[in-house]
Amino acid sequence: RLRFEDFSAVAAYWKQHADPDGTDEDEEGRRHRRDAYLVESIGGMWFGRMSLDPISGAIVAGEHDRIEKAMFEAEWAAAKARLGRDPSTDDLQRTPAQRRADAFVEMATRSASTPPGAQRPAPLFSVFVGYETIHGRICQLANGTVLSPGAFIPWLDEAYVERAVFGLGRRVEVSKRARFFTGATRRGVELRDRRCQHPFCARKLGDCQVDHIVPYPDGPTTQENGQLLCGPHNRAKEKDRRNERPPPPGAA
């Protein structure tokens with residue numbers, strides 16, 4: 001009865017409990033199988049292929065998706081200003097495939113234009129680690145990929161570490177009366193939900209918005225009263241509130 005990705009996570013954790021040493025070896029094998037090539041064809045076009053381990057893939061995909069999304073938003077705004085209405089995808093300058101290709105070119109351009117001696121940004125990927133005695137074994141990326149604990153240890157000396165706290169208790173909120181979810185409050189909701197909370201949607205974090213369960217201003221802007229929904233389901237929530245997460249304890 002689980003979603004496929006949830007079932008895969010359960011199976012992966014079962015494997016770690018059954019053979020912890022073997023899963024560490026498997027993780028090392030996935031890392032060693034990374035590969036990429038980019039070659040020029042006779043006609044001048046370039047063709048490539050890429051195979052990355054889960055953490056390397058999350059770093060590359062995260063930056064690529066961020067740039068591609070910024071390109072899409074800029075094209076959308078330009079088309080709306082030109083047409084005087086909300087555009088369709090056919091009104092945009094580039095197809096999704098062209099925009100994805102241009103995002104890789106932009107990544108290379110930004111790398112080449114980095115000033116000599118500039119501080120290199122830390123790699124960005126989110127790993128969930130649980131306390132064994134409280135929550136059970138948790139070790140996975142924000143996209144849901146289950147990892148062996150040994151997989152991210154080599155990254156600890158170069159990656160930036162952030163700490164997110166979930167559940168009721170003492171923590172800093174941006175402001176309970178703020179209109180929008182920003183800063184640490186927004187990040188907490190994103191990392192907790194990680195995908196659209198509509199039961200029949202699997203859109204991932206990068207394609208979703210953070211909004212209130214109990215509408216503002218009746219509901220506070222807190223982690224407990226926030227939820228992740230994709231654009232269509234967020235816009236439709238006022239018409240159908242049956243499938244939403246129940247209101248947090250003590251909410252109006």
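Ion pairing of Arg33 with Asp53 is absent here, as no side-chain N (NZ or NE/NH1/NH2) approaches a carboxylate O to less than 4.0 Å. A salt bridge is defined here as a Lys NZ or Arg NE, NH1 or NH2 lying under 4.0 Å from an Asp or Glu carboxylate O, and Arg195 with Asp6 meets this definition. Ion pairing between a basic and an acidic side chain is recognised when a charged N comes within 4.0 Å of a carboxylate O; Glu28 and Arg31 show no such pairing.
Side-chain contact check for Thr222 and Asn225: no donor-acceptor pair (N or O, by modelled atom type) lies under 3.5 Å.
The shortest side-chain heavy-atom distance between Arg203 and His233 does not fall under the 4.5 Å cut-off. In this structure the side chain of Gln209 never reaches within 4.5 angstrom of the side chain of Phe181, judged on heavy atoms. Leu228 has its side chain within reach of Glu190: a pair of non-hydrogen atoms, C-beta onward, lies under 4.5 Å apart. Taking 4.5 Å as the limit, every side-chain heavy atom of Lys80 sits out of range of all side-chain heavy atoms of Asp91. Between Leu229 and Cys196, the closest side-chain pair of non-hydrogen atoms falls below 4.5 Å. Between Arg100 and His64 there is a side-chain heavy-atom pair separated by less than 4.5 Å. In this structure, the side chains of Pro54 and Glu27 come closer than 4.5 Å at one or more pairs of heavy atoms.
Here the closest non-hydrogen pair linking Ser51 and Arg49 is OG-NH1, 2.8 Å. Between Leu92 and Ala79, the shortest heavy-atom contact is CD2-CB, 4.0 Å. Heavy-atom minimum distance, Gly226 versus Asp193: O-OD2, 4.4 Å. In terms of heavy atoms, Arg3 sits closest to Phe200 at NH2-N, 4.3 Å.
Within a 6.0 Å radius of CH2 in Trp14, other residues, nucleotides and ligands contribute 12 heavy atoms or fewer. By the 6.0 Å contact criterion, CD on Glu5 is enclosed, its count of non-hydrogen atoms from other residues, nucleotides or ligands being greater than 12.
One finds the CD atom of Glu73 at 11.0 Å from the CD atom of Glu75 (value rounded to the nearest 0.5 Å). Taking CE from Met71 and CD from Gln93, the interatomic distance works out to 11.5 Å, rounded to the nearest 0.5 Å. Atom CG of Leu83 and atom CG of Asp86 lie 10.0 Å apart (nearest 0.5 Å). Of the inter-residue distances, the one linking Cys230 atom SG with Gln197 atom CD reads 11.0 Å to the nearest 0.5 angstrom. Interatomic distance, His198 NE2 to Cys208 SG, rounded to the nearest 0.5 Å: 12.0 Å. The CG atom of Asn234 lies 11.0 Å from the NE2 atom of His212; values are rounded to the nearest 0.5 Å.
Residue Ile42 belongs to no hydrophobic cluster, having no ILVMFWY side-chain heavy atom closer than 4.5 Å to its own.
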### Message
Between Arg99 and Glu68, is the salt bridge (charged side-chain N to carboxylate O under 4.0 Å, His left out) condition met? List the steps.
### Response
CA-CA 6 Å; Arg99 202 160 39 247; Glu68 191 274 335; 3.0 Å; yes

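A search for ring-ring contact (aromatic ring centres under 6.0 Å, His included) contacts involving Phe72 returns Trp76, not counting sequence neighbours.
Of the possible donor and acceptor atoms, none in the side chain of Arg34 sits under 3.5 Å from a partner among the backbone N and O of Ser56.
Two different hydrophobic clusters hold Ile59 and Met107 under the rule that ILVMFWY side chains link at heavy-atom gaps under 4.5 Å.
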